[in-house]
*Asks:* 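Pasting in a structure now, in structure tokens, and then I'll have a few things to ask.
If you're wondering where the values come from, they're calculated on a predicted model, not measured in any experiment. Convention: sequence-line order gives letters A, B, ...; per-chain numbering from 1.
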Amino acid sequence: MMGKAGVTGALMVLLLQATPGWAEDPDTPALSFDGFGTVGAVHSNEDQADFVSEPFVSEGAGYSADVSARVDSRLGLQLTANFAPRHTGVVQIIVEQRHDGSYTPTVEWANLGYAVTPDLTVRVGRMVLPTFMASQHRKVGYANTWVRPPLEVYGLVPVTNIDGVDVAYTARGHGLNNRLQVTFGGTDIDLPDDREVKARDGFTLANTLARGPVSLFASYSEYRLSLELRPLFDGFRSFGPEGVAIADRYELDDKAFKVLAVGASYDAGAGFLTGEWGRTRSHSFLSSSRGWYLTTGYHFASVTPYVVLARRVVTSNTSDPGLSAPQAQELNATLNGLLSDRPQQRSIAAGARWDFAPGVALKGQFDYLDLDDGSRGVLINEQADFRRGGNVCVLSLTLDFVF
Amino acid sequence: MNWRVVATGCWLVLSVVAGAASADPVVVVSAQSPLSTLSRDELTDIYLGRLVRLPNRERIVPIDQVERSPEHDAFYTAYLGRSAAQIKAHWSKLIFTGRGQPPRALGSGEAVAEAVAANPNAIGYVDQAFVDERLRVLPIE
């Protein structure tokens with residue numbers, strides 16, 4: 001795998017070298033600069049934990065702030081270069097709350113593309129994975145009807161972008177459009193506690209078939225994930241074969257993480273209906289989960305009301321008897337803490353998007369989360385007085401823009 | 001009573017009313033274009049960036065009118081069944097995933113007519129008044 005800094009630096013040099021004279025097609029600008037962003041405010045009625053829109057951030061709404069601007073606010077800037085009809089380059093930088101609470105800009109996309117034929121494109125660099133239907137533009141609030149993609153599905157997979165290679169092939173005939181995309185690579189994901197998840201040997205295969213207003217989507221992803229939790233699992237191993245078996249079962253050390261997703265969407269212009277279903281499998285403390293959502297809405301001139309129904313459950317065990325030795329109680333408790341920490345909830349959301357000016361949309365959304373017994377749902381920063389398995393109401397207001 | 005003023009006033013009111021209710025823009029190609037007809041789905045796919053090549057494998061060059069122009073809104077509402085905001089949201093998805101840039105937008109029907117007339121692979125939409133012998137109105141089935 002290439003170093004992140006090296007790839008980005010090389011791409012920046014190439015992009016900056018692109019001058020308008022390079023473009024052979026006068027209709028395509030050689031260099032375009034675009035941006036998107038969201039200014040958001042979120043309130044949660046649960047003040048003993050934080051509601052967040054991304055799993056690996058530091059703070060959200062509820063405990064850390066009564067009204068939080070951190071949950072949805074972000075700014076994205078993109079430079080797109082068309083060096084020649086066949087060569088393209090993209091660098092997209094996003095400023096938003098990171099794992100450590102800082103707003104250090106991060107590189108979301110940085111790749112060079114080559115069109116082998118008009119239907120076959122190869123890209124090298126950093127790409128956002130097409131794990132779910134809206135994964136690649138999930139952060140572009142203006143592109144989406146909702147305030148944010150349903151967390152029950154979009155929060156299932158910790159790996160969102162990778163450094164590697166991507167091949168996309170489009171085919172058309174009989175009114176059908178098909179796009180097949182394969183992405184290979186790996187990445188490192190920073191966690192709030194300064195640890196790091198390493199994703200290696202990853203690939204995602206995604207296919208979208210569309211005919212008129214109907215789109216059908218399916219994807220399969222697989223990575224090998226590692227997260228170092230040495231003290232815990234070495235502790236188990238020190239208890240002999242019984243402990244070794246537990247450590248091997250739950251330790252995330254070069255373990256396969258598999259994701260299967262399917263989705264369908266109908267959008268004829270005025271009304272739309274979209275549903276997605278996803279399943280993850282991991283033979284580790286990350287557990288296996290399943291999530292789905294169903295959303296529908298209607299465009300009444302500039303106002304689009306919508307509703308979302310969603311569910312996320314853990315399909316593997318959420319507890320383990322652990323070791324019988326009394327000295328292992330603390331280890332057992334830590335392990336069970338990890339196992340019961342996986343989100344399980346159902347939610348219903350209702351909201352409206354108002355396109356009141358070109359390139360600007362105002363959205364309001366109300367979310368009612370019903371956490372499963374013993375689960376924190378998608379909330380983080382649980383405090384001592386937090387009651388798992390309760391209900392949470394979240395109110396969000398965002399202003400999304402593109403330029 | 002100054003009848004000339006009244007007549008002019010009536011004419012102005014009528015032309016505003018007629019203008020507001022004027023016919024939708026027509027879809028045009030160059031007289032040299034290989035296209036003879038398009039289905040509504042094909043036209044939709046061309047303007048949403050999903051259909052990029054003509055049957056002869058040449059690249060289609062769709063030409064847009066600028067946002068906030070009456071033709072822009074009328075075209076997308078009448079032919080694609082989508083508002084200008086929906087179109088912008090759609091292109092945001094493609095731009096910010098590195099998959100494409102929206103069609104070039106020109107500031108007047110005259111400029112679109114010129115650009116389409118000059119390129120046999122181009123397609124555009126204009127008010128009927130800008131159609132001349134260099135252009136062909138494409139029936140949309």
*Asks:* Filter on salt bridge (Lys or Arg N to Asp or Glu O under 4.0 Å), then keep only pairs touching residues 32-41 of chain B, sequence neighbours left out; what's left?
*Replies:*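 Found none.
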*Asks:* Counting N and O atoms only, with roles assigned by atom type, does the side chain of A:Trp109 sit under 3.5 Å from a partner on the main chain of B:Phe96, one being a donor and the other an acceptor?
*Replies:*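 It does hold such a pair.
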*Asks:* For each of B:Pro103, B:Ala85, B:Ser83, B:Ser39, tally heavy-atom pairs with chain A at distances under 4.5 Å, and name the one with the top tally.
*Replies:*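 The answer is B:Ala85.
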*Asks:* Rounded to the nearest 0.5 Å, how far apart are CZ of A:Arg172 and CG of B:Leu51?
*Replies:*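 Rounded to the nearest 0.5 Å, the CZ-CG separation comes out at 4.0 Å.
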*Asks:* Tell me, side chain or backbone of B:Ala84 under 4.5 Å from chain A's heavy atoms, or both, or neither?
*Replies:*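 Neither part; nothing is under 4.5 Å.
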*Asks:* With side chains defined as the heavy atoms from C-beta onward, is the minimum distance between B:Ser92 and A:His137 less than 4.5 Å?
*Replies:*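 No, their side chains stay 4.5 Å or more apart.
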*Asks:* Pick whichever of A:Thr145, A:Asp267, A:Val128 has the most heavy-atom pairs under 4.5 Å with chain B.
*Replies:*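 Looking at each option in turn, the highest pair count goes to A:Asp267.
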*Asks:* Kindly compute the distance separating OG1 (A:Thr88) from CD (B:Gln101), expressed to the nearest 0.5 Å.
*Replies:*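 Rounded to the nearest 0.5 Å, the OG1-CD separation comes to 10.5 Å.
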*Asks:* CZ of A:Arg138 to OG1 of B:Thr97: how many Å apart, nearest 0.5 Å?
*Replies:*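 If we round to the nearest 0.5 Å, A:Arg138:CZ and B:Thr97:OG1 are 12.0 Å apart.
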*Asks:* Give, as side chain, backbone, both or neither, the part of A:Asp34 having an atom under 4.5 angstrom from any heavy atom of chain B.
*Replies:*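 Both parts, backbone and side chain.
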*Asks:* Going by the side-chain hydrogen bond (donor to acceptor under 3.5 Å, both in side chains) test, which pairs reach into residues 130-141 of chain B, not counting sequence neighbours?
*Replies:*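 Pairs touching residues 130-141 of chain B that pass the test: B:Thr37-B:Glu141, B:Glu114-B:Arg134, B:Asp132-B:Arg134.
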*Asks:* Residues of residues 205-216 of chain A under 4.5 Å from chain B (heavy atom pairs)?
*Replies:*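 At a heavy-atom separation under 4.5 Å, chain B is reached by A:Gly212.
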*Asks:* Let me know if A:Gln92 has heavy atoms under 4.5 Å from chain B in its side chain, its backbone, both or neither.
*Replies:*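 Contact with chain B involves the side chain of A:Gln92 alone.
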*Asks:* If you count the non-hydrogen atoms of other residues, nucleotides and ligands that lie under 6.0 Å from OH in A:Tyr266, is the total more than 12?
*Replies:*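 Counting other residues, nucleotides and ligands, OH of A:Tyr266 stays at 12 neighbours or fewer.
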*Asks:* I need the minimum non-hydrogen distance between B:Arg53 and A:Pro118, along with the two atoms involved.
*Replies:*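 Result for this residue pair: NE-CB, 3.8 Å.
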*Asks:* If you look only at pairs with a residue in residues 77-99 of chain B, which of them pass as a salt bridge (Lys or Arg N to Asp or Glu O under 4.0 Å), with sequence neighbours excluded?
*Replies:*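 Sorted pair list: B:Glu67-B:Lys88.
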*Asks:* Pick from B:Leu48, B:Thr77, B:Thr44, B:Asp45: which one has the most heavy-atom pairs with chain A under 4.5 Å?
*Replies:*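 Option with the top pair count is B:Asp45.
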